[in-house]
Amino acid sequence: MIAQMLMDGLIAGSMIGLGAIGITLTYSILRFANFAHGELVSWAAYFALSVSTALGTALPGLSASLGPFSFGWSLPLGLIAAMALTGLLALFADTLLFARLRARGASTIILVMAGFGAALTLRSLLEFIFTSKPMYFTSALQIARPLFAGARATPDQLLGLGLAVALVAAVHLILTRTAAGRAMRAVSENQALAGLAGIDVAKTIRLVWLFGASLAAVAGVMAGLLVQIRPYMGHDLLLPLFAAAILGGIGSVPGAMIAGLIVGLAEAACVNFIGAEWRAAVSFFILVAILLLRPQGLFGKAGA
Amino acid sequence: MAQGATAAEMEQKPAIKAQGLKLAFGGVKAVDDMAITLGRGEFLGLIGPNGAGKTTLFNMLAGTYRPQAGSILINDVEASGRDATARIGLGLGRTFQIPKPFPQMTVLENVVTGAQHQTGERLFANFLRYGKVKAEERAAIGRARELLDFVKLSHLAHEPARVLSGGQRKLLELARVLMADPSAILLDEPAAGVNPALLEFIISRVLALNAQGKSILLIEHNMDMVTRLCHRVVVMAGGRYLTEGKPAEVARNPAVVEAYLGAAA
């Protein structure tokens with residue numbers, strides 16, 4: 001029972017962590033809480049669904065299940081397309097909206113409100129195009145396999161968990177070991193100074209959008225595969241995403257992932273010990289508690 | 001042959017040639033019709049009372065402020081329409097009176113941020129051109145370590161930059177600026193707030209850079225330092241060019257003395 005709770009928590013938490021990385025990066029570099037990030041998650045799931053359905057229809061061989069998984073090659077290909085398309089969507093939103101406001105020196109609250117507006121628009125567009133009826137990547141049923149101490153998980157869930165861990169490691173390495181990552185950290189620490197040090201700030205900001213959006217795409221495809229695809233899927237993840245980003249410390253990638261796992265585990269524990277109807281309150285509770293007790297988060301630096 | 005001719009020509013061309021520079025904030029003319037030329041390899045001082053417009057002039061030369069009128073040639077390229085990042089590409093470096101490092105990054109990383117045009121700044125190049133990126137990164141880190149040796153901060157290379165003292169931050173900033181290999185450097189009061197022992201070291205570094213052929217434009221209130229370092233001094237007062245000459249001549253010039261006393265009164 002406890003082992004199963006841990007397993008469920010880790011799987012949900014890895015999705016939350018991936019989404020939270022995008023939020024923590026945009027927050028620390030663009031200096032505003034982007035409430036449209038959840039919609040990138042939803043759009044990514046629909047992008048992947050459209051591409052994988054189209055591929056499966058054109059080349060039926062691509063939808064044949066891969067080994068123990070419920071999906072065929074069409075889904076990983078759809079995911080790659082969704083990462084690129086979601087990145088373009090984020091750049092489009094930035095060019096159309098956020099970049100113009102930044103250029104005008106808009107205050108943070110204006111950017112946040114613009115994010116709300118963008119979220120509403122993007123979500124309504126999804127409902128308009130795809131309706132609010134839940135959709136699925138595959139209709140194949142998967143049997144959860146016993147793992148340890150009575151815990152069970154489906155191969156899809158384990159793959160998702162592994163992918164999340166690998167991606168966090170990759171993102172961490174890119175941020176700490178490459179010139180692109182160094183530029184992102186420099187812009188996050190002091191945008192004006194970064195420009196004076198010869199870093200192309202506009203290019204770095206575009207890179208951050210691409211980066212955050214493609215991670216949101218992975219979270220969206222995972223959520224779509226493990227739960228279902230709905231226009232509100234990203235919106236419903238927003239509170240856990242922000243709870244994880246702030247709990248982890250704004251700007252900290254490993255922090256966002258670890259905090260995502262904590263939020264996922266806390267939700268699973270809540271479902272187990274208190275009741276499923278309180279699940280949504282967990283993130284809210286964590287968010288308020290961290291803001292009151294340690295606003296810089298677990299891995300953030302005071303004053304950063 | 002043609003290449004040799006160009007190199008000879010370059011010898012003649014000043015590192016910086018600015019003319020007719022003008023910038024007003026509201027109704028206040030911070031800099032008005034200012035001209036300044038920094039010769040190749042020259043060590044030029046820029047002095048004047050507080051509020052004379054020296055730092056504003058620096059900000060226009062470095063691209064932080066856009067002048068409302070005038071032209072700025074950096075290594076013979078018109079730069080007044082280009083931003084600060086682009087001017088680094090033209091060979092200009094600039095330090096601040098109160099330097100700010102990237103506080104959470106290590107001292108070494110702070111220096112490496114000054115490297116220009118790294119292939120690894122493009123995200124996908126890190127995967128697609130791994131060999132080239134790796135070689136460049138290694139070269140950049142090697143160069144950064146040499147520069148840290150030059151400013152004697154090597155022992156702090158892996159500390160976060162926030163632990164550095166004010167004087168050490170000046171040296172770190174100088175190393176970061178040198179990472180882009182500028183041919184001309186603007187130094188804004190390197191002596192201000194630095195203890196005497198460190199000041200001598202900063203002076204020795206600046207002289208070494210000039211000996212390497214870098215052109216230097218220095219804002220400094222410490223007249224002793226100006227006299228020791230500068231070949232020539234330009235005096236500004238009230239946002240305008242007042243006079244110029246050898247350091248000792250300028251210090252005796254009654255107009256200069258009056259500008260300083262007038263500002264103090």
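What's counted below: heavy atoms across the whole structure, side chains too, no hydrogens, waters or symmetry copies. Chain A is the first sequence line, chain B the second, and so forth, proteins listed ahead of strands; every chain is numbered from 1.
- The number of heavy-atom neighbours closer than 6.0 Å to CG of B/Leu128, taken from other residues, nucleotides and ligands shown, is above 12.
- Among the residues in residues 185-194 of chain A, those with a non-hydrogen atom closer than 4.5 angstrom to a non-hydrogen atom of chain B are A/Arg185, A/Ala186, A/Glu189, A/Asn190, A/Leu193, A/Ala194.
- Of all the heavy atoms in B/Asn126 and A/Ala180, the pair that sits closest is ND2-CB, 4.1 Å.
- Looking at B/Thr85, its side chain never comes within 3.5 Å of a backbone N or O of A/Asp200 through a donor-acceptor pair.
- Under the 4.5 Å side-chain criterion, counting only non-hydrogen atoms from C-beta, A/Arg177 is not in contact with B/Glu137.
- For chain A, the option among B/Pro103, B/Gly114, B/Ala115 with the highest count of heavy-atom pairs below 4.5 Å is B/Pro103.
- Using a 4.5 Å cut-off between heavy atoms, A/Leu196 contacts chain B through both its backbone and its side chain.
- Shortest non-hydrogen contact noted between A/Ala179 and B/Gly120 is CB-C, 3.6 Å.
- Between the NZ atom in B/Lys134 and the OG1 atom in A/Thr178 there is a gap of 12.0 Å [rounded to 0.5 Å].
- Per-residue heavy-atom pair counts under 4.5 Å with chain A were compared for B/Glu121, B/Gln118, B/His117, and the maximum is reached by B/Glu121.
- Ranked by heavy-atom pairs under 4.5 Å with chain A, the first of B/Val112, B/Val133, B/Val177 is B/Val112.
- Atom NZ of A/Lys203 is surrounded by more than 12 heavy atoms from other residues, nucleotides or ligands within 6.0 Å.
- For chain A, the nearby part of B/Thr64 is the side chain; its heavy atoms alone come within less than 4.5 Å.
- With a 4.5 angstrom heavy-atom cutoff, A/Ile199 touches chain B via backbone and side-chain atoms both.
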